[in-house]
Each structure stands twice: as C-alpha cells, then as structure tokens.
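Quick notes on the structure that follows.
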There are 2 protein chains.
Amino acid sequence: MDIWGLSGEDIPEKERRILEAAIKIFSEKGYSASTTSEIAKSAGVAEGTIFRYFKTKKDILRGILIHAVNILSGRLVIDSLEKIMTRLEEKDLRTVLKQILVDRLKLADSLFPMVRVLLTEALYHEDVREALYQNIVVRALTIAEKFHREMVQKGMMRDDIDHVMLLRAIMANVAALVAQRKIFEGKIEVNDMGKEIDTMIDVLMYGIAKQTGEDKKG
Amino acid sequence: MDIWGLSGEDIPEKERRILEAAIKIFSEKGYSASTTSEIAKSAGVAEGTIFRYFKTKKDILRGILIHAVNILSGRLVIDSLEKIMTRLEEKDLRTVLKQILVDRLKLADSLFPMVRVLLTEALYHEDVREALYQNIVVRALTIAEKFHREMVQKGMMRDDIDHVMLLRAIMANVAALVAQRKIFEGKIEVNDMGKEIDTMIDVLMYGIAKQTGEDKKG
DNA sequence: CTTGATAATGAGTGATTACTCACTTATTAT
DNA sequence: ATAATAAGTGAGTAATCACTCATTATCAAG
C-alpha cells in the first residue's frame with residue numbers, strides 16, 4: 001500500500017519521510033494552519049532537518065504539489081486511463097466505462113490526502129490551476145477525443161456531442177461519487193457499491209429521461 | 001447587486017462591513033492565511049472594532065459560514081429550486097432542467113467567494129459538513145424525491161433510478177460546469193453558453209450512448 | 001451646554017512561528 | 001585510528017499575529 005504515491009521515486013529517505021508527514025498534516029489542517037514543528041514531530045526528525053531539505057515551508061508545499069501533479073498525470077492516472085481506453089477491442093461501452101470508474105475510484109481513495117491538498121491550493125492559486133490544466137486536463141482531453149472518435153466509429157457513442165462534454169460528464173460523475181463517499185461518508189446510505197456504479201453508468205449512458213425505445217440494458 | 005448575500009438581514013452596518021471584508025479576504029487567501037488587521041483595513045475600521053463584534057477570529061468565520069448555509073439553504077437556493085420544480089404544470093423535462101441550470105449558474109456566480117470559503121472549510125471540518133448535510137442536502141433530497149415522483153407519474157423520467165442518483169447526476173453536472181467556468185475560466189474555450197447548457201441537458205437526459213430509437217430531441 | 005453612556009480606536013502584549021546557526025553525531029577515506 | 005566531510009540537532013531569534021485595554025470620539029437626553 002503506497003498511500004502517498006511517493007515510493008519508487010529516487011527521493012532520499014529523509015526527504016520522503018518529511019514529504020509524507022507534510023501531506024498528512026497539510027491534508028488534516030490545511031497548509032497555513034500546519035506548523036513545521038508539527039511536521040518534524042510527525043516525520044520523526046528535528047525541525048532543523050526539514051530546512052536542510054526544503055529552503056522554506058512553501059517549498060515543502062511546492063514539493064508536494066509537483067509530486068501530486070506528477071502522480072496524477074503520470075502512470076497512475078493518464079497511463080492506466082489510456083490503457084483502458086485504447087485496448088477497446090471488442091468490449092462494449094458499458095464494460096469500458098465500468099473499468100474506468102472502478103479504476104478511478106480506487107485511485108481517488110488511495111490518493112485522497114494528496115488530492116485534498118492539491119484541490120485546496122488550486123482553489124486559491126492560479127499557477128497551481130495552470131499546472132493542473134497543462135499537465136492533466138490537456139492530456140485527458142486528448143485521450144477523451146481519441147476515445148470518443150473510436151466509440152463513434154463503432155457506433156456505440158453519440159456523435160453530436162464533443163469530447164469536452166464527454167470528458168466533463170464522465171469526470172463529473174466520478175467526482176460526485178468520490179465526493180459523496182469522502183465528504184458525506186456514511187450520511188447518504190448506499191446499499192451496494194457495485195450496484196451503485198452500475199446504476200451510475202446506466203444514467204451516464206442513457207440519461208435520466210424516460211426512454212420509449214427498448215434499446216437499453218445491452 | 002448583492003454579491004455577498006448579506007443585504008436585507010438585520011445586521012448592524014459595521015458588522016456587515018466586517019463580514020463582507022472577511023469574505024473577500026478569506027476567499028482570496030484562505031482563512032488561516034488572512035490576518036485580522038487586513039480585514040480591518042479592508043472594512044475601513046480599526047482592528048479593535050472587529051473584536052467588539054466578534055469575540056475571536058474563528059467567530060468571524062463562524063459568522064460567514066452560518067450566513068453561507070442560511071443563504072444556500074434559504075430562499076436563494078432551496079426556495080427557488082422548489083418553485084421551479086413544483087410549478088411543473090405542463091412544462092416538459094427539458095424546460096424544467098434548463099430553468100434549474102440557468103438559475104443555479106447565476107447563483108453560483110454571485111455567491112462564489114462565499115462558496116469558496118464554505119467549500120474549503122467543509123473539506124477540513126466535519127461539523128461544517130454536518131451543517132451542510134442537514135441544512136442543504138437533506139432538503140434538496142426531499143425536493144428531488146418529489147420532483148422525481150411527479151416526473152415519473154407524467155411518464156417523462158425513468159422510474160428505475162432513485163432520487164439520490166437523480167440529484168447527484170444533476171448537481172454533478174451543474175458543479176462541473178461551474179468549476180470549468182470558475183477554475184479554468186478562459187482555458188477551455190466555450191463557443192456559446194446557451195448552446196453549452198442545451199448540450200449538457202441533452203447529455204443529462206439521454207446519455208452519451210448512441211441511441212437506436214428516434215425519440216430524442218423532443 | 002453638560003453629563004452619562006456607548007462606540008471606536010490603535011498602541012501595546014504575550015504567544016506562536018518560520019527559520020538560523022553553533023554544535024554534535026554519523027559516515028567515509030586514508 | 002584519525003581526519004575530513006556530511007548529516008542532523010534543537011535552543012535561540014526576529015517577525016508576526018490575535019487579542020486587550022486605556023483613552024478618545026460620538027451621540028442622546030435633560
């Protein structure tokens with residue numbers, strides 16, 4: 001279990017410990033409300049040690065954000081998404097969507113602390129948004145466009161919506177499900193997660209309006 | 001133009017000025033990174049005056065959050081939503097959805113600074129989430145259930161999805177559109193907002209899958 | 001105008017915080 | 001074993017911040 005997504009990389013042991021501790025503390029209290037002494041204690045190092053690896057407190061945050069964007073834009077997100085979407089072969093739309101959803105939900109669970117820090121900073125700082133946009137949104141849009149084109153070609157997806165709408169619709173639903181699970185966990189009762197995802201895909205594919213034809217539930 | 005939603009209410013002039021300034025500052029830099037002296041300067045009062053109206057800095061935030069929840073759960077959100085949803089009469093689903101969407105988008109625009117503060121706090125504090133849930137989610141779910149029941153009765157909406165899914169699908173799409181406009185404003189080009197909303201409603205109603213029947217675009 | 005009460009002020013204060021640096025400990029080379 | 005270098009430490013510091021309070025301004029009533 002690599003909760004933080006900081007394994008593998010060639011980061012010095014101590015620096016990694018500090019970053020992991022910082023993600024934990026920042027994610028619990030927010031950046032400004034967190035203190036360097038707290039991070040030091042949590043990382044099991046002296047406060048001075050922190051400043052051997054990071055010039056300032058802001059630098060720790062920068063380190064986390066760069067990492068978060070790398071993880072999110074790297075193999076853990078885009079690559080696996082691309083893999084699912086390009087290895088379409090004979091799979092139908094429902095199967096592909098379910099793969100994407102289950103994949104993304106697992107990811108969102110494991111990366112949640114990091115994403116919370118990233119999300120908060122993105123809410124307040126244009127440069128973070130710009131990095132997010134360039135590294136994730138642009139790439140995701142490219143993949144979505146390709147996916148859409150192939151699915152239209154196979155006659156499985158509408159051709160009268162563009163890929164921006166498509167990506168937004170999918171991501172909005174994933175985000176809503178994650179938000180419901182993470183923000184209002186336990187409050188909105190969910191009987192069965194598998195069934196929940198199936199229903200969501202159904203709504204995503206066929207909408208909320210009453211269908212007159214009998215072409216659903218393929 | 002009442003950007004903050006603090007008009008009408010019976011709040012002393014000075015207190016309102018302080019709250020408005022605090023919303024502005026908190027929304028720009030986040031609660032912890034904002035200072036009381038900054039708020040005082042922006043409100044045009046002495047720093048000491050703030051503490052005649054609010055015992056602590058946390059109390060200012062509390063005041064804002066209470067206000068935000070009141071506004072969001074009060075006439076500006078739930079009431080207008082209820083009005084649209086209950087005065088269905090002969091309107092079709094598309095018209096109703098469009099009314100809801102346009103309504104909510106205008107609202108999100110005007111209340112954005114307040115919502116940003118609320119959202120950030122909700123990300124980090126369980127009690128804020130609880131207040132949001134009890135005052136907004138529960139009430140919205142009640143309205144959604146009623147709306148769904150009536151729409152099913154009219155044969156305009158699917159009866160095999162529950163109202164939780166319905167509300168989530170609608171809110172997710174609204175949130176995604178707002179997020180795109182506010183967070184990535186200008187980055188993702190949008191040709192025409194009216195057309196954008198129409199397409200979104202279409203996707204919401206009929207989904208992304210290719211339809212075989214010819215019952216769309218009613 | 002005088003008086004009493006209330007509202008507003010901003011210099012001052014104790015607490016907290018990010019960051020430094022003189023010193024200690026660990027590691028490596030010879 | 002010893003020297004040289006690097007890594008780690010934590011008490012100390014200057015700056016900042018939320019909050020206080022003695023003083024001043026504003027206002028109302030007689």
Side-chain angles (χ1 to χ4, degrees), chain A residues 6 9-68 113 117-118 120-121 124-125 127-128, chain B residues 6 9-68 113 117-118 120-121 124-125 127-128:
Chain A
L6 290 181
E9 319 251 344
D10 53 350
I11 297 170
E13 156 72 13
K14 277 268 165 63
E15 187 176 334
R16 218 194 66 192
R17 284 243 304 282
I18 294 169
L19 275 178
E20 285 177 5
I23 291 175
K24 178 175 145 62
I25 304 287
F26 287 170
S27 173
E28 280 168 3
K29 327 174 63 174
Y31 167 76
S32 292
S34 305
T35 68
T36 49
S37 83
E38 216 175 348
I39 295 169
K41 206 174 291 176
S42 172
V45 298
E47 201 172 347
T49 308
I50 288 180
F51 293 95
R52 291 198 145 281
Y53 291 94
F54 302 93
K55 270 220 285 284
T56 64
K57 185 187 166 191
K58 262 244 132 67
D59 245 43
I60 309 175
L61 180 64
R62 246 175 49 90
I64 292 173
L65 295 185
I66 288 171
H67 238 101
V117 176
L118 183 63
T120 306
E121 293 310 308
Y124 291 95
H125 302 291
D127 53 345
V128 177
Chain B
L6 291 181
E9 320 250 344
D10 52 351
I11 298 171
E13 157 71 13
K14 278 266 167 64
E15 187 175 333
R16 217 195 66 194
R17 284 244 304 281
I18 294 169
L19 275 178
E20 283 177 7
I23 291 175
K24 179 175 144 64
I25 305 286
F26 288 170
S27 174
E28 281 168 1
K29 330 175 58 175
Y31 167 76
S32 292
S34 305
T35 68
T36 49
S37 83
E38 215 175 349
I39 295 169
K41 207 174 289 175
S42 173
V45 299
E47 200 172 347
T49 308
I50 287 180
F51 293 95
R52 293 191 79 71
Y53 292 93
F54 302 93
K55 270 220 284 283
T56 63
K57 185 187 168 192
K58 261 244 133 65
D59 244 43
I60 308 174
L61 179 64
R62 245 174 51 89
I64 293 174
L65 295 185
I66 288 171
H67 238 100
V117 176
L118 183 62
T120 306
E121 294 308 309
Y124 292 95
H125 301 291
D127 53 345
V128 177

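Side-chain atoms are counted along with the backbone in the values below, which use heavy atoms only and exclude waters and symmetry mates. Residue numbers start from 1 in every chain, and the chains themselves are labelled A, B, ... in the order their sequence lines are given, proteins ahead of strands.
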Original post:
Heavy-atom distance under 4.5 Å between the side chains of A:Val117 and A:Thr120, does that happen here?
Top reply: no
Subject >> Listed once per pair and sorted, the side-chain hydrogen bond (donor to acceptor under 3.5 Å, both in side chains) pairs that draw on residues 40-54 of chain B, sequence neighbours left out >> reply: B:Thr36-B:Glu47
Original post:
What string of B, S and - do you get for nucleotides 8-20 of chain D 5' to 3' if you count protein non-hydrogen atoms under 4.0 Å?
Top reply: BBB------SBBB
Original post:
What pair of heavy atoms forms the shortest contact from B:Ala33 to B:Glu38, and how long is it?
Top reply: O-OE1, 4.5 Å
Original post:
Got B:Leu61 and B:Phe26 here, is their nearest side-chain heavy-atom distance under 4.5 Å?
Top reply: yes
Original post:
Is there a side-chain contact between A:Lys58 and A:Arg62 (heavy atoms, below 4.5 Å)?
Top reply: no
